[in-house]
2 protein chains.
Amino acid sequence: MSHSTYHTEDTICAPATPAGTGAIAVIRVSGKNTWNIMEKIYKPYGEIQFGDIESHKVVLGQILENDKPLDEVLVTKFVNPHSYTGEDVVEISCHGSWYIQQEILRLLVDSGCRMASPGEFTLRAFLNGKMDLSQAEAVADLIASNSATSHTIAFRQMRGHFSRRIQQLRAQLLDFASLIELELDFSEEDVEFANREKLLELLTIIKKELRQLIKSFALGNVLKNGIPVAIIGKPNVGKSTLLNCIFNEEKAIVSEIPGTTRDSIEDVLVVEGVSFRFIDTAGLRDSSDTIENIGIERTYEKIRQAAIILYVFDASTTTMEEINETISEFRDTLEDKEKRLILIANKIDLMEEMPHHFPDLVEMETIFVSAKRNENINFILESLLKSVSVGVEEANQSIVASSRHYQALKDTLEALQQVRYGIDDGLSGDLLSSDLRAALHSLGTITGEITNDELLGNIFGRFCIGK
Amino acid sequence: MSHSTYHTEDTICAPATPAGTGAIAVIRVSGKNTWNIMEKIYKPYGEIQFGDIESHKVVLGQILENDKPLDEVLVTKFVNPHSYTGEDVVEISCHGSWYIQQEILRLLVDSGCRMASPGEFTLRAFLNGKMDLSQAEAVADLIASNSATSHTIAFRQMRGHFSRRIQQLRAQLLDFASLIELELDFSEEDVEFANREKLLELLTIIKKELRQLIKSFALGNVLKNGIPVAIIGKPNVGKSTLLNCIFNEEKAIVSEIPGTTRDSIEDVLVVEGVSFRFIDTAGLRDSSDTIENIGIERTYEKIRQAAIILYVFDASTTTMEEINETISEFRDTLEDKEKRLILIANKIDLMEEMPHHFPDLVEMETIFVSAKRNENINFILESLLKSVSVGVEEANQSIVASSRHYQALKDTLEALQQVRYGIDDGLSGDLLSSDLRAALHSLGTITGEITNDELLGNIFGRFCIGK
């Protein structure tokens, strides 16, 4: 483990509250010189001295520059290790003017602080063992969360549910490694067979757990980032109007001219705590318009990315042949069991008589709507919710929502697979242990037992300033 | 005093930090039921109960809705009267996601809180005697302050410098009133002459103080809102280019075509802590273009409002006659001693030889610049700073920066003037006391001894939510 490029010797400061003007703003200071710096610029009211203030106590006073008061503030000391970063921390709650915030930050820097980089407070919390890497990542996810499900996943991860499971897995792997080492110790005595079954049993258990976690990413990823829903269909069947109905506002340009929607429009709708990322697409047809053709190509790309496809057609004109043709066109895509196709028969307001293929459509669970008259749109939302097969609430097990964790888990599984092959091929313990180390390494990157500057830079660079 | 429309029986909540996503956000709760509501939704970590937490102590715990954790938060209790509002207050420092803030506020409202109106926390602070009205107004000014001077004025006012002076004045006025009453008591004994001199002496002192305060508004107002600086001159002399130089960026549209700047452009520049509100104007000339003529009319209006006029001319072509002509055009305006004219000879880069009227220009303290080459612009800024005759730092006396206070002080002076006339006319004490009451009333509205719902609505409606 090396953190050579991260300096934790200096004292950092940053605004912790959103940019802008509000009733109050909070400025955070953390590091070895926090007390010295605050003694220079802060004077509590009354007889008390800064040094005498106890930890976690809020005290009113003034920020002063050369005896000139800059603001009246509430200051809270958090004495190490009982702080967010594990260092000596002060939170200054000042009046929320932009000017005052800037002036206090300037004064802090003039007094020996350095402006913190994004995520540097949380980085220090990690480096000081206040949380592991997966929990630190969850802090950023929590702040970015915009729905009940993404919030729940991030909150659980921050509280350490996922970390504990990874730690259990790693403990089992270490048990496995010690068994291998045991085998190495006794290799000359040829006791290999005695441990073989035990080894394979453990390996099976660990791999099963890994596979469960890896599988959970499909759900975790869509719950975190929103379930991608592609709206497809021939031109002029009312896809954009439907999207507008769903969002109850004008997100797409709607017109009578086929091919109006050239670019893909994405927007997130939260239905009962679940995020759906809607993708409006260009109509599916051959076109001589180059820009439109680019749009159609993008449509196919979006379909590949989507978890749910809403296939919209004109109920008043579309034949069963056309519908079957379109479905077969996407056969390859739809054979992926993770995807779901929902048929939407639009323009029921224009239907003059019941189409003879109505029973077929019903059997295919087609949803009949009129986007124009905003009718039956709620059925679409209900159907979407049903598509979320396992709710995050019901999932007792940990859900992997980070692609970094997903990759690390896949790497771990891959390495363990090699260990398994090695055992099957009768490789000696010392040859097995190389793959075993690789597995322990991959798993260790998740919680941060194994890390490096680049990894930390990637993770904490995503944070906002002041966290 | 009546505050019938302001309900202080219920418990209010609001975000106290700026809107948006940040590392943390602070939500404030204030009112009689704060403890009950928090006991329902907050559980501190460890063995401690919410009720046992002491005032001003920061405690980590969870916000819970039906045992489901919503966020991990820091909670600080402020037990009445030792809080901002004087009521029982809680500050919840939560993760700064928009989602979490909304969810906690929703939970607070579901648990019995009401969302606070703008300024309602400060209104309660006023109603509970934590600060007077002038101090409450200063809180809003402080949050809105964007320069060292506007900040200093607001900060002093918040700390009560101005209030104390008004209270002293009011105490003197009450002394005066008691002398009048004394006179009433002895009216039948004709002792009027005994008190007359004392009365006039006191009146003179009070009026002098009032005049000083009223006079300070000229400075206080410009320091608070920025000193208005009008840039005037014939078309195409480089006014917009000069403004761009001063602001170091493209604020105005610059072109070679005379009459490009039709509308007035305003922007604030802070030079060494003093705000200057720059007003670019349409060129001064007769024009057949209607829109441009409207612009020119606005120019004259802006000149009337300005404290400093920068008269820009083309050094390479403008004659002394033209300059004198323009100055005489603004003679009426410039006779106002509060205004200052600064001559700017622009385009020195185009000057081929020294103009014969150079000594005259030097005598008039003309600043020679090249806006195009960004030369000597700093001399303009220095000259502007010199124009601020009395710096706020040097002013030992209170500075009136609120037009409401200015009006109240003028009303007080006017009423006392009537008292003076009454004494001169030999009016009896009971006739004088009506004007005296009017003076006491006007002065009382400043600090809030006298107030009403409309006044409070006007003042606190200007606040941001959460303050």
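Side chains are part of it too, since the values below use all heavy atoms of this structure and drop only hydrogens, waters and symmetry mates. Chain naming here is simple, since letters A, B, ... match the order of the sequence lines and numbering starts at 1 in each.
- No part of A:Glu103 comes within reach of chain B, as not one of its non-hydrogen atoms sits under 4.5 angstrom from that chain.
- Neither the backbone nor the side chain of B:Ser150 comes within contact range of chain A; no heavy atoms are under 4.5 Å apart.
- Proximity to chain A (any heavy atom under 4.5 Å) is shown, for B:Ile24, by both the backbone and the side chain.
- More than 12 non-hydrogen atoms from other residues, nucleotides or ligands lie less than 6.0 angstrom from CH2 of A:Trp35.
- For B:Pro69, the parts lying near chain A are the backbone and the side chain together; criterion is any non-hydrogen pair under 4.5 Å.
- For the pair B:Phe155/A:Lys68, no side-chain contact is recorded, criterion being any heavy-atom separation below 4.5 Å from C-beta on.
- Proximity to chain A involves both the backbone and the side chain of B:Thr17, based on heavy atoms less than 4.5 angstrom apart.
- Judged by distance alone, with hydrogens and angles left aside, the side-chain atoms of A:Lys57 form no donor-acceptor pair with the main-chain N or O of B:Val58 at under 3.5 Å.
- Looking only at heavy-atom pairs under 4.5 Å with chain A, the residue among B:Phe121, B:Phe463, B:Tyr45 that has the most is B:Tyr45.
- Each of A:Glu91, A:His95, A:Met158 has some count of heavy-atom pairs under 4.5 Å with chain B, and the biggest count is that of A:His95.
- When all heavy atoms of B:Ile143 and A:Ala23 are compared, the closest pair comes out as CD1-O, 3.6 Å.
- Counted within 6.0 Å of CG on B:Asp67, heavy atoms from surrounding residues, nucleotides or ligands total 12 or fewer; the atom is thus considered open.
- Counting heavy-atom pairs closer than 4.5 Å to chain B, the top residue among A:Arg159, A:Gln102, A:Arg28 is A:Arg159.
- Counting heavy atoms from C-beta on, the side chains of B:Phe78 and A:Leu74 come closer than 4.5 Å.
- Looking at heavy atoms from C-beta onward, A:Leu60 lies out of side-chain contact with B:His56 at the 4.5 angstrom threshold.
- Across B:Gly22 and A:Cys464, no two heavy atoms sit closer than the pair C-SG, 4.0 Å.
- Of the atoms belonging to A:Thr21, heavy atoms from both backbone and side chain fall under 4.5 Å from chain B.
- Taking OG of A:Ser97 as the start and CG of B:Asp141 as the end, the distance is 11.0 Å to the nearest 0.5 Å.
- Taking A:Ser145, A:Ala16, A:Ala19, A:Pro15 one by one and counting their heavy-atom pairs under 4.5 Å with chain B, the maximum is reached by A:Ala16.
- Contact of B:Thr122 with chain A is not made at all, since no heavy-atom distance falls under 4.5 Å.
- Separating the CG atom in A:Leu70 from the OG1 atom in B:Thr152 is a distance of 8.5 Å, to the nearest 0.5 Å.
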